[in-house]
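Letters A, B, ... mirror the listed sequences (proteins, then strands); counts begin at 1. When reading the values below, keep in mind they use all heavy atoms of this one structure, side chains included, and skip hydrogens, waters and symmetry mates. This one's a predicted model, so the numbers in the text were calculated from it and none came from an experiment.
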Amino acid sequence: MPELPEVETIRRTLENRVKGSKIDRVLLYWNKSVEGWDGQKFEDIVEGQRIESLERRGKYLLITLDGGWSLVAHMRMTGRLVYFPEAQVPDKHTHVVFVLEAGELHFSDIRKFGRIKAVPTPDRLLHPSLKILGPEPLEEDFTVGYLVLALARKKVNLKTALLDQTVLAGLGNIYVDEALFLAGLSPERLANSLSPEEIEKLHKAIQTVLQAGIDAQGTSFRDYRDANGEKGSFQRELKVYGRAIEPCYTCGRPLERKRLGGRTTVFCSHCQN
DNA sequence: ACTAACCTGTAA
DNA sequence: TTACAGGTTAGT
């Protein structure tokens with residue numbers, strides 16, 4: 001579910017709610033949602049620690065605690081982190097409850113793919129799956145020059161290349177399709193076949209779409225909610241994702257649906273070349 | 001470079 | 001009943 005704009009929105013809304021507060025207790029309802037580093041028990045690591053800061057890297061949320069540990073969370077498809085000011089009876093999909101000094105933080109996940117792992121704070125970015133991530137698309141190290149180099153060595157189609165988190169951290173199925181539409185590029189194009197002008201358009205489109213997603217507080221196509229339990233609004237601005245067969249807003253022709261890189265891809269074969 | 005696996009819910 | 005869903009990883 002959450003891609004970069006959604007995780008960033010969770011980070012921001014959560015920061016307002018829980019930064020500085022102490023985690024008194026951890027209640028586990030489904031053990032596989034959490035892992036403790038080196039087999040240490042998750043609850044023992046976390047209980048009694050205060051939340052110092054919240055960061056995001058790609059689609060990962062990093063919650064740093066004051067006792068030398070950090071929580072690395074990934075929501076995968078349907079994970080949510082929602083804050084409640086008052087104690088709440090956990091619903092059937094809530095797998096972890098963090099009881100805070102004031103209020104509770106509930107991790108719920110219908111499909112149970114999401115994970116929260118406790119790691120020593122200095123190692124939080126060295127975790128294998130984080131270490132391999134490409135640059136942050138909205139930071140300065142994501143330059144046109146970088147994208148030129150990164151795409152040059154990919155022998156796959158554009159859709160597959162942009163979903164690859166080692167190329168760029170944080171794009172998922174929604175925002176890749178939207179960025180490619182905005183850039184006027186076909187998802188079927190070979191990643192190493194783009195002209196410098198096309199790469200520049202793509203670079204711009206990726207940043208524009210992600211920033212718009214953040215500004216809209218994410219895309220609530222179905223399950224996504226922020227830390228206040230609120231929906232985002234970017235679903236109202238989607239040009240192609242979820243619109244297969246429907247008319248292209250630019251040319252009126254029906255949008256195409258194809259499976260690329262193992263994911264459903266929607267695009268306009270007339271406007272995207 | 002594809003596919004299955006991890007899971008549950010919803011819609012066709 | 002089957003297909004499919006904002007993701008990642010471990011197998012061919």
Quick check for you: among [options], whose closest atom lies nearest to any side-chain atom of [X]?
| X | options | result |
| --- | --- | --- |
| A:Ile110 | C:dA5, C:dG7, B:dG9 | B:dG9 |
| A:Tyr60 | C:dG7, C:dA5, C:dT8 | C:dT8 |
| A:His93 | B:dA1, C:dC4, B:dT8 | B:dT8 |
| A:Arg76 | B:dT8, C:dG6, C:dT8 | C:dT8 |

Reckon [X] touches a base, only the sugar-phosphate, or nothing at all at heavy-atom distances under 4.0 Å?
| X | result |
| --- | --- |
| A:Thr160 | nothing |
| A:Tyr175 | nothing |
| A:Lys92 | sugar-phosphate |
| A:Gly172 | sugar-phosphate |

Kindly label the base of B:dG9 as syn or anti, based on whether its glycosidic torsion lies within 90° of 0.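 Here B:dG9 takes the anti form, which means its glycosidic angle is more than 90° from 0.
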Between CG of A:Leu182 and CD of A:Gln272, what distance do you get to the nearest 0.5 Å?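 Nearest 0.5 Å value for the CG-CD distance: 9.5 Å.
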Going by purine N1 to pyrimidine N3 plus the second Watson-Crick contact, or the G-U wobble pair, all under 3.5 Å, which nucleotide sits opposite C:dG6?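 Checking every strand shown, C:dG6 finds no partner, since no pair has both distances under 3.5 Å.
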Any-strand Watson-Crick or G-U partner of B:dC7, both distances under 3.5 Å: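 Result: none.
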CA sep, side-chain torsions, deciding dist, call: A:Tyr241, A:Phe221, ring-ring contact (aromatic ring centres under 6.0 Å, His included): CA-CA 10 Å; A:Tyr241 180 86; A:Phe221 197 79; 5.0 Å; yes
Salt bridge or not for A:Glu178 and A:Lys239, using N-O below 4.0 Å?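 No, A:Glu178 and A:Lys239 are not salt-bridged.
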Rounded to whole angstrom units, what separation is found between the [atom1] atom of [X] and the [atom2] atom of [N]?
| X | N | atom1 | atom2 | result |
| --- | --- | --- | --- | --- |
| A:Gln217 | C:dG6 | CD | C1' | 17 Å |
| A:Arg80 | C:dG6 | CZ | P | 16 Å |
| A:Glu8 | C:dG6 | CD | P | 22 Å |
| A:Arg263 | B:dA1 | CZ | P | 17 Å |
| A:Arg225 | C:dG6 | CZ | C1' | 13 Å |
| A:Leu260 | B:dC2 | CG | C1' | 13 Å |
| A:Asp109 | C:dA5 | CG | P | 18 Å |
| A:Phe234 | C:dG6 | CZ | P | 15 Å |

For [N] and [X] - does any side-chain N or O of the residue sit under 4.0 Å from the phosphate oxygens OP1/OP2?
| X | N | result |
| --- | --- | --- |
| A:Arg115 | C:dT9 | no |
| A:Thr78 | C:dA5 | no |
| A:Arg111 | C:dG6 | no |
| A:Lys112 | B:dT8 | yes |
| A:His74 | C:dT8 | yes |
| A:Lys59 | C:dG7 | yes |

Determine the interatomic distance between [atom1] on [N] and the same-named atom on [M]; round to the nearest Å.
| N | M | atom1 | value |
| --- | --- | --- | --- |
| B:dA4 | C:dT2 | P | 16 Å |
| B:dG9 | C:dT8 | P | 22 Å |
| B:dT3 | C:dA3 | P | 14 Å |

With centres under 5.5 Å and planes under 30° as the test, does A:Phe113 stack with B:dC6?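 Yes, A:Phe113 stacks on the base of B:dC6.
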Test the A:Arg17-A:Phe84 pair against the cation-pi criterion, namely NZ or CZ under 6.0 angstrom from the six-membered ring centroid and within 45° of the ring axis.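 No cation-pi geometry.
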Under a 3.5 Å cutoff, is there a donor and acceptor pairing between the side chains of A:Ser129 and A:His127?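 Yes, side-chain donor-acceptor contact under 3.5 Å.
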Side-chain donor-acceptor pair under 3.5 Å between A:His270 and A:Arg253, yes or no?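 The criterion, which ignores hydrogens and geometry beyond distance, is satisfied for A:Arg253 and A:His270.
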Kindly state whether the ring of A:Tyr83 and the ring of A:Phe98 have centres lying under 6.0 angstrom apart.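 So the answer is no for these two rings.
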